[in-house]
Amino acid sequence: MSSIFTKIINQEIPSYKIAEDNNYYAFLDINPNAKGHTLVIPKNEVDKIFDLDSETYAGLMQFAHKVAKALEKTIVCNRIGMTVVGLEVPHAHVHLIPINSVSDINFTSKKLKMQHDDFVKLAKEISSNF
Ligand code: 5GP
């Protein structure tokens with residue numbers, strides 16, 4: 001069965017897209033730790049990030065780098081944090097999170113509540129800086 005992220009790539013499930021190319025896709029996390037929390041994924045579905053072949057892994061990091069730069073341009077923050085967890089969705093991904101303190105990257109902290117229109121506006125802003 002396809003992962004929820006493969007369904008997002010195939011547009012079977014909607015997402016707030018930031019950017020994509022032939023091999024990678026970036027979109028806003030639906031349950032963000034902080035404003036601009038973005039997931040970057042390879043289009044080829046592999047569960048664990050360190051099971052990616054080295055070329056795909058390096059490409060994922062390069063794509064995430066570009067997304068992080070767009071986030072920095074869009075969101076006032078101390079820096080962009082990057083995390084790999086993968087306990088919820090078995091499709092390799094990195095979390096890029098604009099942070100001001102360590103609690104912004106703590107996945108057990110309270111999540112940010114955002115409305116649909118806010119997600120749409122934010123995705124558009126980040127995307128325009130990509
Ligand atoms: P992890 O697998 O790294 O533990 O966490 C998966 C992340 O994916 C979580 O931060 C969660 O909020 C996010 N997520 C899960 N399902 C969806 C979804 O359908 N859409 C989006 N945009 N994010 C999702």
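All values below were derived from every heavy atom in this structure, side-chain atoms included, with hydrogens, water molecules and symmetry-related copies excluded.
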To check you understand the geometry: which heavy-atom pair defines the closest contact between His91 and Pro42, and what is its length? NE2-O, 2.8 Å

Please report the C-alpha distance between Val46 and Thr56 in whole Å, then the side-chain angles of each, then the deciding distance to 0.1 Å, and finally whether the side-chain contact (heavy atoms from CB on, under 4.5 Å) criterion is met. CA-CA 10 Å; Val46 169; Thr56 306; over 6 Å; no

Does CE in Met82 sit with more than 12 non-hydrogen atoms of other residues, nucleotides or ligands closer than 6.0 Å? no

May I ask you to test the Val102-Asn106 pair for a side-chain heavy-atom distance under 4.5 Å? no

Asp117 side, atom CG; Leu122 side, atom CG - distance, nearest 0.5 Å: 12.5 Å

Quick check for you: to the nearest 0.5 Å, what is the distance between Ile13 atom CD1 and Gln11 atom CD? 12.0 Å

Does atom CD of Glu12 have more than 12 heavy-atom neighbours from other groups under 6.0 Å away? yes

Tyr16 versus Ala123, closest heavy-atom pair with distance: CB-CB, 4.0 Å

Got Ile9 and Glu45 here, is their nearest side-chain heavy-atom distance under 4.5 Å? no

For Ala34 and Pro98, which heavy atoms make the closest approach, and how far apart are they? CB-O, 3.5 Å

Considering residues, nucleotides and ligands other than Lys43, do more than 12 of their heavy atoms fall under 6.0 Å from its NZ? yes

For Lys111 and Ile30, indicate whether the former's side chain and the latter's backbone hold a donor-acceptor pair under 3.5 Å. no

How far apart are the closest heavy atoms of Asn100 and Asn78, and which atoms are they? OD1-N, 2.9 Å

When the ring planes of Phe63 and Phe130 are compared, do they come out parallel, tilted or perpendicular, using 30° and 60° as the limits? tilted

Minimum side-chain heavy-atom gap Ile49-His93 below 4.5 Å: no

Would you please classify the geometry between the His37 ring and the Phe107 ring as parallel, tilted or perpendicular, with 30° and 60° separating the classes? perpendicular

Note, Leu39 side chain near Val89 side chain (heavy atom, < 4.5 Å): no

Mind checking whether Phe27 and Phe5 have ring centres under 6.0 Å apart? yes

Asn44 and Asn23, any side-chain heavy atoms less than 4.5 Å apart: no

Going by heavy atoms in the side chains, are Lys69 and Lys73 under 4.5 Å from each other? no

